[in-house]
Amino acid sequence: MKKVIKVNIGNLAFTIEEDGFLILKGYLDEIQDHYGPNENGKEIVEGIEERIAELFIEKSGANSVVQTPVVKEVIEILGRPSAIDEEQGEPYYSTTSSKYQKVHKKLYRNPDNKVLGGVCSGLAAYFSLDVLLVRILFFVLLIGFSFFGMVHIGGGSFMFIAYILLWIVIPEARTVEQKCAMYGEPMNIANMGAAFEKGIAKGKRSMQNAAGGGARVVGAIGRLFSVILAVFFVIVAISGLTTLFFLFLGIEIFQGVLPIDMLDYVQLGMSNTIFLKIFLMAFLMLPLVGMLYGGIKLLFRFKSPRIRPGLVIVLLWIVSVVGLGVTSVKSTRPYWSEAKDGGQLPLSNDADTLYLDFIADTQIPADKVSLNAGYSSYSLFWMDNQSGEERFVVFPSFKLIRQSSQEERVLKYATFSFGHNYAQALQKASKSVPTVSMNDSTITISPLYYSKSNKWDGTHQIISVYVPDSTVVIVKGPIEHNFDTKVSREWIFGNNQSRICDFDRWSDRMEDKFERMERRFDF
Amino acid sequence: MKIMNEINTDNIKSQMRKGVLEYCILSILNNNDAYASSLIAQLKEAKMIVVEGTLYPLLTRQKNQGLLSYRWEESQQGPPRKYYSITDKGKDLLAEMDSAWEEIVETIAFLRNKK
């Protein structure tokens with residue numbers, strides 16, 4: 001038993017099987033939609049209906065029930081709108097704005113434009129965005145998540161896992177139809193042609209690349225690793241370059257910001273270090289630039305431009321290595337040779353006390369000096385601007401050497417200096433020989449002054465006094481010092497053992513400290 | 001590559017058919033007035049159309065262009081049917097189409113026989 005329906009087609013009554021009726025109704029709706037609701041559309045539908053009626057009578061007779069296969073046959077004879085348009089030579093989609101033109105946009109992975117799985121490319125097509133934008137967004141999020149460590153969702157791995165999931169879940173657009181649906185474009189000859197050509201090109205490439213499924217899997221895994229490597233390269237390169245940039249920038253800035261820019265008072269023989277800096281920078285940064293380029297190239301798989309940036313980077317790096325070597329060696333030139341210039345003064349044999357007078361052309365600012373004094377050495381310098389200019393006042397290092405009474409009492413003074421060759425070093429040394437004078441039992445020592453206009457050139461002055469043990473040596477002036485104040489303390493430990501400790505460098509402050517300690521530990 | 005060739009030939013054929021289909025309709029109607037069904041029968045016989053539905057949009061278009069008109073006439077089976085006939089404007093166009101057609105045929109023949 002089958003359900004039948006009575007209908008009026010082309011002003012004639014027919015009895016049609018229910019399925020057949022539904023199919024016929026769908027077909028007529030299709031025609032109506034395609035040709036539109038206007039007068040023309042109505043006329044065309046009328047004509048076609050008329051013809052359907054004729055064909056029904058022809059096939060099944062006027063009074064019998066129209067079977068479903070007959071309905072299908074008749075529809076085939078008249079043709080669906082796509083077949084009609086094709087026969088008329090008009091592209092199917094362009095006739096009207098019917099619902100058949102609207103192609104449902106679907107989310108696919110794009111195999112024609114992919115870095116890894118074509119996920120970003122597919123998303124870009126779906127949301128009608130630029131692929132590059134989506135990729136940058138994805139990358140920024142990946143890095144962002146990594147940096148700001150959203151630990152509870154796994155940091156950077158969140159985006160990574162999300163990508164893998166999307167890769168698995170979203171199907172790849174394989175057929176021309178799917179590729180058109182990916183962009184939401186209707187299928188037509190032009191699209192098909194373009195897609196077809198693309199397919200051929202791709203086929204060639206994949207034939208070159210690999211044959212068979214096994215190779216494809218290996219290729220995919222290899223691609224995954226190369227992408228991970230590429231991302232790693234890019235991250236390392238960017239962070240490295242940033243660090244180096246700020247390092248160099250920082251050095252340049254802080255050199256000028258330091259409260260006392262020591263380098264302003266120093267003349268080390270390298271008048272211009274700019275080349276050294278440039279070569280050092282190139283030497284450190286170029287490998288990172290190369291890494292960045294390589295990573296990006298690996299990631300987006302583009303062909304090298306004609307200028308071959310990779311080769312250029314390598315060549316530049318070799319140049320920077322050579323340059324750095326040469327400038328480094330050159331910068332050590334002022335230190336290749338060492339020289340000494342000085343003299344000696346005899347000391348009177350009868351004096352049992354020797355006085356040292358350190359005299360500068362300005363007052364010694366007792367609260368500012370830097371002093372390093374023990375029972376065999378005394379070195380003193382300070383910085384002030386009493387003379388109107390900020391300058392260092394540096395006395396030669398004083399050394400006291402005890403010897404037997406038979407040996408000659410003598411004062412030796414000398415300047416040690418470096419230079420490119422001996423002659424240069426000697427010239428430098430002789431320019432800054434210590435000024436020492438002897439008057440009765442007082443030795444007067446003058447300092448050297450270094451300022452921005454008269455920079456320190458790396459020389460070192462020493463005054464040595466050779467006297468017997470019995471001679472007392474005392475520094476006069478505001479910074480008094482008795483070289484013979486050898487401080488001995490007896491320490492008694494818990495097991496009643498005692499030990500005598502001698503202190504070479506003793507000061508009032510140490511005395512205070514020691515007394516406080518004694519009180520606390522009840523020595 | 002084979003598929004591409006087929007697509008192209010089909011396309012060329014349908015383009016050619018489209019060009020002459022309207023010419024065919026006018027030619028048929030120039031001889032006799034006709035129902036749509038008899039037009040279809042003749043065109044199918046001449047292998048000018050495959051799907052019958054193709055005819056109806058063309059008839060509508062030509063009627064709108066004033067190349068043909070129709071009147072309602074009783075048919076053997078039941079209700080009245082549209083009976084198409086060519087107009088004067090249609091005849092003018094047909095004459096032009098005839099000469100154009102002859103020209104094309106001559107040209108093709110000339111080109112094909114040229115050695």
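Every chain is numbered from 1 and lettered A, B, ... according to where its sequence line falls, protein lines coming before strand lines.
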Whether Phe14(A) and Phe56(A) hold their rings parallel, tilted or perpendicular, with breakpoints at 30° and 60°: perpendicular
Polar side chain donor-acceptor pair, Tyr70(B) to Asp33(B), under 3.5 angstrom: no
For the student: nearest non-hydrogen atoms of Ile28(B) and Leu39(B), plus distance: CG2-CD2, 3.6 Å
From CA spacing to verdict: salt bridge (charged side-chain N to carboxylate O under 4.0 Å, His left out), Glu52(B), Arg51(A): CA-CA 9 Å; Glu52(B) 299 184 358; Arg51(A) 182 65 185 156; 2.6 Å; yes
Residue among Asn11(A), Ile77(A), Leu55(A) with most heavy-atom pairs under 4.5 Å to chain B: Ile77(A)
Engaged part of Ile40(B) at the chain A interface, taking heavy atoms whose separation is under 4.5 Å: side chain
Under 4.5 Å from any heavy atom of chain B - which part of Glu76(A): backbone
